[in-house]
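Below is one structure; the comments refer to it alone.
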Amino acid sequence: MAIKGMKELQRKLSSLSKEGAKEFADITKINALEIQANAKRDAPIDTGDLRQSIVAIEETEYNWSVGSNLKYAPYMEFGTGKSVDIPEGFESLASQYKGKTDRQINIPPRPYLIPNFLRQKSQYIKDLSNAIKRLVK
């Protein structure tokens with residue numbers, strides 16, 4: 001999942017002062033960790049493995065990934081069989097996990113990651129906007 005305009009933002013950040021760039025990096029980290037915490041809170045519990053597997057990983061200062069490496073994690077997010085529910089805009093992501101057999105196992109979706117990403121995305125944009133206003137005075 002990505003937010004449009006990140007490459008342009010990264011170019012602009014490179015021209016900011018070190019303090020300004022650090023503030024943007026901190027905002028990005030805080031928002032990624034917030035997604036992680038809320039996804040852990042909302043993840044379905046059976047053994048607790050899914051919750052424990054959800055991590056925020058720093059790719060670069062301004063690019064973080066949040067997710068799980070468990071094979072069944074996307075099936076919990078989207079559901080299976082006739083129960084599949086794919087949020088608008090996530091069709092290409094979800095299509096990677098489409099089953100290859102005719103067997104129908106209807107597991108209802110129990111979204112924990114995408115709803116938290118979408119909620120935090122608007123907060124992230126507000127945080128960045130506020131920082132820009134302070135820095136550009």
Side-chain angles (χ1 to χ4, degrees):
M1 293 182 258
I3 296 177
K4 292 179 183 177
M6 284 303 291
K7 288 187 184 206
E8 182 182 338
L9 177 61
Q10 287 175 332
R11 274 197 308 277
K12 290 179 181 181
L13 289 174
S14 65
S15 66
L16 285 176
S17 67
K18 287 183 181 179
E19 283 181 30
K22 170 123 175 51
E23 184 172 352
F24 275 61
D26 289 346
I27 289 169
T28 302
K29 178 181 181 177
I30 289 165
N31 279 272
L33 294 174
E34 194 68 26
I35 294 169
Q36 173 189 284
N38 291 329
K40 282 179 178 266
R41 178 199 65 214
D42 295 346
I45 303 172
D46 181 19
T47 63
D49 290 345
L50 180 57
R51 281 189 173 180
Q52 291 176 357
S53 73
I54 298 168
V55 294
I57 299 171
E58 182 179 15
E59 308 287 338
T60 69
E61 287 181 296
Y62 311 111
N63 185 11
W64 284 70
S65 297
V66 181
S68 167
N69 64 353
L70 292 180
K71 191 175 185 175
Y72 66 84
Y75 303 105
M76 298 303 292
E77 181 79 29
F78 301 118
T80 64
K82 293 178 182 172
S83 298
V84 169
D85 181 26
I86 301 168
E88 186 176 331
F90 293 89
E91 296 85 2
S92 65
L93 175 67
S95 69
Q96 299 174 57
Y97 305 103
K98 184 174 167 67
K100 306 226 187 302
T101 68
D102 292 331
R103 186 171 52 142
Q104 287 291 316
I105 301 172
N106 297 310
I107 298 172
R110 307 221 11 228
Y112 57 93
L113 187 57
I114 291 174
N116 285 300
F117 167 77
L118 293 172
R119 272 191 297 277
Q120 200 64 39
K121 178 180 171 183
S122 62
Q123 182 62 49
Y124 179 54
I125 291 168
K126 285 179 192 174
D127 293 347
L128 290 175
S129 179
N130 290 336
I132 290 168
K133 288 174 187 172
R134 280 193 310 277
L135 294 167
V136 175
K137 287 183 182 178

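The CG atom of Leu113 sits 9.5 Å away from atom CG of Leu118, with the distance rounded to the nearest 0.5 Å. To the nearest 0.5 Å, atom NZ of residue Lys121 and atom CD1 of residue Ile114 are 11.5 Å apart. Leu128 contributes atom CG, which lies 5.5 Å from atom OG1 of Thr28 (distance to the nearest 0.5 angstrom). Atoms CG and CD1, from Asn38 and Ile54 in turn, are 10.5 Å apart once rounded to the nearest 0.5 Å.
Under a hydrophobic-cluster definition in which Ile, Leu, Val, Met, Phe, Trp and Tyr are linked whenever side-chain heavy atoms come within less than 4.5 Å, directly or via other members, Leu70 and Phe78 are assigned to the same cluster.
Applying the salt bridge (charged side-chain N to carboxylate O under 4.0 Å, His left out) rule to pairs touching residues 55-65 yields nothing, sequence neighbours excluded.
Judged by distance alone, with hydrogens and angles left aside, the side-chain atoms of Glu91 form a donor-acceptor pair with the main-chain N or O of Gly89 at under 3.5 Å. For the pair Arg51 (side chain) and Ala43 (backbone), a donor-acceptor distance under 3.5 Å is present. Under the 3.5 Å distance criterion, the side-chain polar atoms of Ser129 are left unmatched by any main-chain donor or acceptor of Ile125.
When side chains are defined from C-beta on, Tyr72 does not count as touching Asp46, because their heavy atoms never get closer than 4.5 Å. Residues Tyr112 and Leu50 meet the side-chain proximity criterion, which asks for heavy atoms closer than 4.5 Å. At least one side-chain heavy atom of Glu77 sits less than 4.5 Å from a side-chain heavy atom of Pro115. Considering only heavy atoms from C-beta on, Asn31 comes within 4.5 Å of Ile27 through its side chain. Taking the side chain as every heavy atom from C-beta outward, Ile107 and Tyr75 never approach each other to under 4.5 Å.
Of all heavy-atom pairs spanning Pro87 and Asp85, the tightest one is CD-O, 3.6 Å. For the residue pair Ala32 and Trp64, the shortest heavy atom distance occurs at CB-CB, 3.5 Å. Residue Arg41 comes nearest to Asn116 through the heavy atom pair NH2-OD1, 3.8 Å, listed as atom of the first residue, atom of the second, then distance.
Residues forming a side-chain hydrogen bond (donor to acceptor under 3.5 Å, both in side chains) with Gln36 (at least two apart in sequence, or on another chain): none.
Side-chain contacts under 4.5 Å among hydrophobic residues (ILVMFWY), followed directly or transitively, place Val55 together with Ile57.
For the pair Arg119 and Asp42, the salt-bridge criterion is met [side-chain N within less than 4.0 Å of a carboxylate O].
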